[in-house]
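Presented below is the structure to which this report refers.
Worth saying up front: this structure is predicted, and the values here are computed from it rather than measured. Side chains are part of it too, since the values below use all heavy atoms of this structure and drop only hydrogens, waters and symmetry mates.
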Amino acid sequence: NKYSSYEYKKKFDEQMDALGLRILEVGGDGNCFFRSLCDQLEGSENNHSFYRDLACNYIEQNKDFIKFFIEDDQNIDNYIHNMRKNGSWGGYIEIYSLSMSLNINFYIFLLERTLYIVKNHDLPKRNVFLSYHEGQHYNYATRINLDNSQTQTLIRAETIPGPCACFYPASGTGLASTSVTVCWRW
């Protein structure tokens with residue numbers, strides 16, 4: 001990483017601030033993806049194991065399809081067994097599984113890089129905004145109101161045009177050349 005921890009956090013905060021968003025941190029115990037999702041949907045991280053179970057159940061029910069996306073030639077049943085363990089890191093397979101299970105789309109921000117959109121629904125129940133840090137930790141993003149308070153429940157995807165369109169950061173952020181949207185639609 002080209003930044004110190006302090007510089008990294010400051011730059012990411014500045015990037016999100018330019019978009020009217022703030023990163024809210026969750027625990028870093030291997031459950032961060034599930035914690036971030038749970039906190040955004042329920043207002044607390046406490047029920048994160050429910051979302052892990054939901055993802056694993058979806059993977060199990062659709063393993064004939066999902067097995068092709070498991071890395072390192074791992075057996076799908078072993079993958080599911082390991083993912084059910086508290087502290088196992090969730091990734092793109094769990095993101096996809098929860099997108100499908102919950103009828104939600106994901107918008108995942110990275111520092112000075114692509115905004116990843118996992119859009120499986122034209123009319124989702126919800127859009128979930130996450131931040132992904134240094135390839136190892138998820139937090140979630142929330143809107144900053146004019147009075148600097150946080151709005152946890154409504155961040156509207158209409159601010160990001162089109163089904164899988166380009167993401168245009170606020171002018172002056174220095175991100176215009178690095179922010180091209182990638183859309184995962186399975």
Quick one: do L24 and I104 end up in the same hydrophobic cluster if we chain Ile, Leu, Val, Met, Phe, Trp and Tyr together by side-chain heavy atoms under 4.5 Å apart? yes
Distance-only side-chain donor-acceptor flag, S4 / E7, under 3.5 Å: yes
Do N105 and N120 have a side chain donor and acceptor closer than 3.5 Å? no
So, do F50 and L54 sit near enough that their side-chain heavy atoms are less than 4.5 Å apart? yes
Between H133 and F12, does the ring centre distance come in under 6.0 Å? yes
Lys/Arg-Asp/Glu bridge criterion (N-O < 4.0 Å) met for R84, E60: yes
Paired with D13, the side-chain contact (heavy atoms from CB on, under 4.5 Å) test is passed by just one of L21, I23, L111, namely I23
Side-chain H-bond candidate by donor/acceptor type, E71 with Y92, under 3.5 Å: yes
Specify the closest pair of heavy atoms between S88 and F34, including all atoms of both residues, with the distance to one decimal. O-CE1, 4.1 Å
Is any NZ, NE, NH1 or NH2 atom of the basic residue among E25 and R35 found under 4.0 Å from an Asp or Glu carboxylate oxygen of the other? no
Does a side-chain heavy-atom distance below 4.5 Å link E42 with Y51? yes
Can a salt bridge be assigned to the pair K10 and E14 using a cut-off of 4.0 Å between side-chain N and carboxylate O? yes
Closer than 4.0 angstrom, basic N to acidic O: yes or no for K2 and E112? yes
Pair H137-N139, side-chain donor/acceptor within less than 3.5 Å: yes
